[in-house]
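Written out below as structure tokens is the structure these notes cover.
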Amino acid sequence: MNMHERYELRRIVNAAGTMTYLGSSCVSPRVAEAMSSILPEFVDMRELQRAACGIIATATGSEAGCVTASAAAGISVAVAACMTGTDLCLIERLPDTSKDDMKNEVIVLKGHAVGFGASLSQMIRLTGAACIEIGTVTQAGGYQLRGAIGSRTAAVVYVVSHHTVQSGLIGLRDVCAIAAERGVPVIVDAASEYDLRGFLEAGAQLVVYSGHKFLGGPTSGIIAGDLRLVRACYMQERGIGRSMKVGKESIVGIMEALLQWQERDAGDVRLEEEARIDYALLHLGALRGVRVERVADPTGNPITRLQVWLDPMVCGLSAFELSNLLSAGELSVRVRAHEAELGFFQIDPCNLKAGEIELVCSRITELLANPSRPELPTRNATDFGYLSLLRWPD
Ligand SMILES: *Cc1c(COP(=O)(O)O)cnc(C)c1O
């Protein structure tokens, strides 16, 4: 069955990266098979999460782990766990945190209060916690963290992501050392980071990963960390975690994806991705008014992207307009355009399939050769799709 034909869905060529609005990852046949084999079966979900616990612990070097509906759910669940511990009465009481027998403040560096499609602080506040931001957007130091920790501090949430401010902020190791002085657990949002071990090694108590980003699994999240806190995470299914419940197929899928990730030849994957970038560098670099540049991933993940600068005076199109035209076609080419108002977009090689980098380059060449734009959608870079949401489902 071809779902794209059946439901008249446009085919997507994904040069944007791993985006939840594009269905995140294309799972491998191995992961898809694992998922379809559990779907027609019953299973004791507790046994299944116990098996997942073992696989997560091995992959991350943690004491324990559990699977959640997504990384965003994992953040809410991890925060809730730090507030309630394994006390079922407190778990059932959330999001009411008004009685003073429960810690209800979560510290976040102001430069980490990001949006990834929704806001990090909202995922924290969903539990009933108050989100206490420290420092300024571009500066946060140890003294501010020490000053903010008090008797009601339940956790510190530390974000590792290209979304955050990348300089002037206290590092994870120092945050963990200071929080440990006061017995406060540190939760790391590492949703799209490749490093499965470093954040726990740096001293974090819980680390949250997305199952459907770099790992190539189904929609899911992973929490890895200290046994007592992970148990408290699992127990949130008796409370607010229930509305974020993960299904058996996703648990099995992310387990298989984790095994696959550990067995993959990272060097081979990288070479293939680099070859795609080489191709685009050569073909797009030759176009008039276009400047291309390889750029490293801002948080050190092993990904090279191609930054494509457009001179609108020469090209007749801005980077923002071109990215919209690429996306508007029957064959919808998506580039990484979240900074397009600065005059460039990026090509991310990670999710391109065989023959697709050629398609991306020929589509760009075609549109630049004929920059008449009758069908240019009226959009603006900073309404973040709001106007088009108001027309949904159209
Ligand atoms: C993508 C992302 C999330 C959300 O991950 P989901 O698994 O899609 O919920 C959270 N935090 C950061 C930094 C992200 O990049």
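Just follow the structure's listing: the first ligand is 1, and inside any ligand the first atom is 1.
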Among protein heavy atoms, which sits nearest to [atom], and what does the distance come to when rounded to 0.1 Å?
atom                    : value
atom 9 (O) of ligand 1  : A72 N, 2.8 Å
atom 5 (O) of ligand 1  : A71 CB, 3.3 Å
atom 8 (O) of ligand 1  : H212 NE2, 2.8 Å
atom 11 (N) of ligand 1 : D189 OD2, 2.7 Å

In terms of side-chain geometry, is the basic nitrogen of K248 or E41 positioned less than 4.0 Å from the acidic oxygen of its partner?
-> no

So, E356 and R11, do they make that salt bridge, N to O below 4.0 Å?
->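 Salt bridge present between E356 and R11.
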
Only heavy atoms of [X], strictly under 4.0 Å: list the atoms of ligand 1 that pass.
X    : value
A191 : 2 (C), 3 (C), 10 (C), 11 (N), 12 (C), 14 (C)
S192 : 15 (O)
S161 : 13 (C)

Out of M19, K213, H163, indicate the one that has the non-hydrogen atom closest to atom 14 (C) of ligand 1.
->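 Shortest heavy-atom distance from atom 14 (C) of ligand 1: K213.
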
Is T20 close to ligand 1, meaning an N/O of one under 3.5 Å from an N/O of the other?
-> no

Give yes or no for whether the N/O distance cutoff of 3.5 Å, strictly under, is met between V160 and ligand 1.
->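 No; every N/O pair is 3.5 Å or more apart.
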
Do the rings of Y194 and F214 sit parallel, tilted or perpendicular, given the 30° and 60° boundaries?
->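 Parallel: the ring planes of Y194 and F214 meet at under 30°.
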
Any idea how H338 and H162 line up, ring-wise: parallel (<30°), tilted (30 to 60°), or perpendicular (>60°)?
-> tilted

